[in-house]
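As structure tokens, the structure follows; a few thoughts come after it.
Atom set for the values below is all heavy atoms of this structure, side chains included, hydrogens, waters and symmetry mates excluded.
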Amino acid sequence: MNTQALTQLIAQNLYQSELTNLNALIDSNSLFKNGDVVFILHKGEQYTLRRTRNGKLILNK
């Protein structure tokens with residue numbers, strides 16, 4: 001799956017979860033179930049959320 005398709009899939013899943021519960025708490029394990037990198041589309045900009053070996057999160061534009 002390419003980066004753009006993955007980004008769109010994640011955005012769609014997050015949008016659907018927002019419709020279900022506006023105050024949803026998302027467990028990071030569900031975000032990182034396929035690896036240590038998540039691509040986030042926010043206002044037309046792509047961000048990368050990474051989980052480090054120490055379990056910390058790094059967000060880059």
(message) Side-chain heavy atoms nearer than 4.5 Å, only ILVMFWY residues, links allowed to pass through others: does that put Leu49 and Tyr47 together?
(response)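 In one cluster: yes.
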(message) Applying a strict under-4.5 Å side-chain criterion to I, L, V, M, F, W and Y, I'd like to know whether Phe39 and Phe32 cluster together.
(response)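 Per the 4.5 Å side-chain linkage, Phe39 and Phe32 are co-clustered.
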(request) Could you list the residues that satisfy side-chain hydrogen bond (donor to acceptor under 3.5 Å, both in side chains) with Asn34, not counting sequence neighbours? (result)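 Listed in chain order: nothing, the list is empty.
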(message) Suppose the criterion is side-chain hydrogen bond (donor to acceptor under 3.5 Å, both in side chains): which pairs have a residue in residues 49-60, not counting sequence neighbours?
(response) Asp36-Arg51
(request) Starting at CG of Leu59, measure out to OG1 of Thr48 and round the result to the nearest 0.5 Å. (result) 8.0 Å
(request) Only pairs at least two apart or in different chains count here, so list each salt bridge (charged side-chain N to carboxylate O under 4.0 Å, His left out) that has a residue in residues 3-12. (result) none
(request) Among Asp27, Ile26, Leu31, find the one that has a side-chain contact (heavy atoms from CB on, under 4.5 Å) with Asn29. (result) Asp27
